S.K.: 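The structure is given below, and queries will be raised subsequently.
Being a predicted model, the structure only gives us computed values, none of them experimental.
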Amino acid sequence: MEVEVTFLSPIEPADLVRQSFPFTYMYLTANATDGANHSVQLYSDISAEWVSGDSGNEVTWSTTPGDDLVFHQAQMASPSPMQEFNDQAEDATIYYAMANSPNMTWQTGVDIIVRGQFAGNRTGGLLNTKDTNFRAISNNWPVFGLALDLGNISEVSTPVVWALGVVRDPVISYGSGGGKIQPRSSFFWTQYSTIGDAIGAFIKDFPNARQRAIELDQKITSDALSISQDYADLVSLSVRQTMAGIDITISNGTDGQWNTSDVMIFMKSIDDSSRTNPTEFMFAAFPAYLYLNATWAGFLLRPSLQQQAAALPASPYAMPDLGSTYPIALGNTSTAGTEALAIESSGDMIIMALAHAKISGDGSLISRYVSYARVNTMDIQPCFQVTLLKSWANYLAANALNQTIFISSDGQNNPNLAIKGIIGVRAMGEISQIVGQTDDASQFKDRASTMLQDWENRTIPANHITSTYGQSASWGLIYNLFSDRLLKLDFIAQKIYSDQTAFYAHKYLQYGIAYDSNVLDQVKSQWTMLTAATTTDNSTRDDIVSLVRSRAWLNNSTLEFPTDYNAMSGLATGTGGRSSPAREQLKFQRIDVAPGLPLTYSLPNQSVQASAPNITGSENSKRTGSKRNVGAIIGGTLAGVVIVGLAGLFLLWKCRQKRKAQTPIPSLDPFYPHSDVPAAGNPSNLYPLRKGDRSFHSQYIGQPAVGSPTPDILVPQRRRSSLQQHSLSSTSGPAMRPRLAQRTRLEDEVENLRREMEEIRAQRIYSDEAPPQYQ
């Protein structure tokens, strides 16, 4: 018999439930090479080694036989939540399942006994018995077997299917702000109440899942073949790694219902670290998500945006990750090295935010995080506004051309890093334009153009861009030009692209192009493919792709295809980004036939639907299990208005009381090109909301020096009529000034409450649920 075994991990870019279910298929087909019938029995098992990376740990297990399904499960006797050992989760439950049938048998026990039972039985049957002697993984190695007797056959045309899964719940520990830790579960739980139901549906769906996988593969391969066969080969190798490196999660509300609008995606850095949502890896894989489902790209950005908007104290630049130990995403609390990556991280986040808006057509994220305000019940800055994206762009405007403290994720401080920051500033101009802040848009675009001219003067002495400032012979992969093309900004001169293309054509090595002249023996495949996306002729583009393809097909190692490897030997350097989602740059670079255009360019930019900046800090929520009842909706709405009003007045009172105890701080406006832009090493704080500040420009508060006098009142800076100005200036005595200040603050707070109420009414715009139908 000729037997074919296939492992299938489907990509389901149109279905959050299916994509978040952490299971894979193994299926088998066979046919007789001599055309005759043969007695065929099948056996497969998994061992307890799937449960933990430490074989000394004790495990427990069980088997659930049902009418339609049989599944084994095993877990640690004492799991360690949110912990890993040897890159293996220490809080997982493993499942091995098969559809039940009269000729299907199962058994758990010692490996040599269970396997021996199958091998020594002429009918290939197991005993349907459970080993209840729970023990350490390495103690008589427990296995969990499934067998099927197919009888006398000449072929297996209908695949025999097994299902294997590794389930954790919760999957992420997320710092949601205000010191709160939010456990997050896989999205599939919104549809299934038991794991048995989910496994049964997964197995029954196999024929459809297989067909969907074939159709998606055909589409992607067809797109890739419009470039070259080598490119299509890389696509076929790497296509599923995009989704394999992420968890699609959801939160559970205090009412016990799943909040189906609160979808967040988390990514693990699979290299020499275990970071959560590393910004540079997200950036490298982002074109893949834009191609597969641009909406999901927004789900990947949300955890970083939301957490950093809630951070106290606020940072003027984006963090490089959400923590150093996946799956714990409590935030990057490191004080060392984070600002060194500020240009990389801030540029990445702004570019990704705009790319998501342009390709998905959804401007809600950029609207929300251009201006974000909330009431915080903590003792520090209880009422404040966060202008997240804008503050990051201000930081880039002030520091992207700084040649001192900043480095990229590759450890380089070079023109390639600087151009990312400059494009980030230009992208912020586009974001401001989309959300209707035209003054900001003009300023950011003008500033970016000035910075670009400065950058060109510093980095292009002849026919190529240098990789080290002041060294005309230096060179490297200027892959960050890719962002200009991804966003279709037409910001970088075409001559720069064509000169770089001609230059790269003379730098080929055995398996790629060195990513920098300072390290001529090292290739980074993800950045190489991004660079290929910036070329201006098909010949150079195809040559670069072919070099990477040659390394991918090199059989000199049993390890996975790495992101980092030696340019001549092809051997991985370090861990080489093994199985990294960043490797997905291999397949999502170019689909259009025109030279220099990546796959994502075949996706048309959408007309971005963006509201005025969201300043309430509340996100639309929708919970499963809700019922529509007109009376309840009307009553609930009226009661909600009363409750919101009372809660708002209480919070305003709290804000006022806490502000009385605070030392007032004068506010400054650092919007570039003013002289008080936050410089590197000088982080800023947040500032109170002010009445009439409808444009919500980014603001920082300058902290008074120790021992310096502080004003006795804080008069909100806003436009006043000449009569108001006269009234303030003519007021005599210090006793009147505090009363005026209190009245002004109260006006501000009432204005803030009005905004909150307006936002509550406006949330209907984003709701997925239709309004009630009156009978």
S.K.: Out of curiosity, Met267 CE to Met243 CE, how far, rounded to the nearest 0.5 Å?
M.R.: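 Output value for this atom pair is 10.0 Å.
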
S.K.: Does a donor on one side chain sit under 3.5 Å from an acceptor on the other, for Asp321 and Asn332?
M.R.: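 Yes, a side-chain donor-acceptor pair sits under 3.5 Å.
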
S.K.: Check the orientation of Tyr25 and Phe202. Use parallel for under 30°, tilted for 30 to 60°, and perpendicular for over 60°.
M.R.: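 Rings of Tyr25 and Phe202: parallel, as their planes differ by under 30°.
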
S.K.: Looking at side-chain heavy atoms only, is the closest gap between Arg240 and Asp217 below 4.5 Å?
M.R.: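 Side chain of Arg240 against side chain of Asp217, heavy atoms only: contact under 4.5 Å found.
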
S.K.: Regarding Asn518 and Asp516, do their side chains bring together a donor and an acceptor under 3.5 Å, going by distance alone?
M.R.: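 A donor-acceptor contact under 3.5 Å links the two side chains.
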
S.K.: Could you check whether Thr540 and Asp537, counting side-chain N and O atoms only, form a donor-acceptor pair closer than 3.5 Å?
M.R.: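 There is such a pair between these side chains.
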
S.K.: Determine whether the side chains of Asn402 and Thr404 contain a donor N or O and an acceptor N or O closer than 3.5 Å.
M.R.: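 A donor-acceptor contact under 3.5 Å links the two side chains.
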
S.K.: Looking at Arg275 and Lys268, would you say the former's side chain and the latter's main chain have a donor-acceptor pair under 3.5 Å?
M.R.: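 Absent.
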
S.K.: CG/Asp233 to OG1/Thr221 distance, rounded to the nearest 0.5 angstrom?
M.R.: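 Result: 9.5 Å between the selected atoms.
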
S.K.: Is a side-chain donor-acceptor pair under 3.5 Å present for Tyr395 with Glu339?
M.R.: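 Note: Glu339 and Tyr395 side chains meet the donor-acceptor criterion.
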
S.K.: Any donor and acceptor pair, going by atom type alone, linking the side chain of Glu2 with main-chain N or O of Ala30 inside 3.5 Å?
M.R.: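 Looks like no, no N/O pair under 3.5 Å.
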
S.K.: Should we count CH2 of Trp50 as having more than 12 external heavy atoms under 6.0 Å?
M.R.: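 Result for CH2/Trp50: open.
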
S.K.: Do the side chain of Ser360 and the main chain of Thr295 share a donor and acceptor less than 3.5 angstrom apart?
M.R.: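 It does not hold such a pair.
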
S.K.: Between the side chains of Glu84 and Gln88, is a donor N or O closer than 3.5 angstrom to an acceptor N or O?
M.R.: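 Side chains of Glu84 and Gln88: no pair found under 3.5 Å.
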
S.K.: Side chains of Asp484 and Tyr497: any donor to acceptor distance under 3.5 Å?
M.R.: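 Indeed, the side chains of Tyr497 and Asp484 share at least one donor-acceptor pair under 3.5 Å.
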
S.K.: Whether the side chain of Trp455 engages the backbone of Pro415 through a donor-acceptor N/O pair (distance < 3.5 Å, no angle test) should be reported.
M.R.: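 Indeed, once roles are kept as given, a pair shorter than 3.5 Å links the two residues.
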
S.K.: Do we see a donor-acceptor contact under 3.5 Å between the side chains of Tyr515 and Thr531?
M.R.: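 Their side chains do not contain a donor-acceptor pair, so the 3.5 Å distance test is not met.
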
S.K.: Look only at the side chain of Arg541 and the backbone of Thr535, and say whether a donor-acceptor pair between them is shorter than 3.5 Å.
M.R.: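 A pair under 3.5 Å: no.
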
S.K.: Is it true that the NZ or CZ of Arg549 lies under 6.0 Å from the centre of Trp553's six-membered ring and within 45 degrees of the ring axis?
M.R.: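 Yes; both conditions hold, so Arg549 lies above the ring face of Trp553.
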
S.K.: Is there a donor-acceptor contact under 3.5 Å linking the side chains of Tyr291 and Asp223?
M.R.: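 Distance-only check passes for Tyr291 and Asp223.
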
S.K.: Say whether, by atom type as modelled, one donor and one acceptor occur between the side chain of Thr459 and the main chain of Thr466 under 3.5 angstrom.
M.R.: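 Not at all, since once roles are kept as given, no pair shorter than 3.5 Å links the two residues.
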
S.K.: Can you find a side-chain donor-acceptor pair between Asp499 and Tyr504 that sits under 3.5 Å?
M.R.: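 No, because no side-chain N or O of Asp499 sits under 3.5 Å from a partner of the opposite role on Tyr504.
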
S.K.: With a 4.0 Å cut-off, would you call Glu215 and Arg210 a salt bridge?
M.R.: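 So Glu215 does not pair with Arg210 through a salt bridge.
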
S.K.: Should the pair Tyr479 and Trp527 be assigned to parallel (<30°), tilted (30 to 60°) or perpendicular (>60°) ring geometry?
M.R.: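 Ring orientation, 0 to 90° scale: parallel.
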
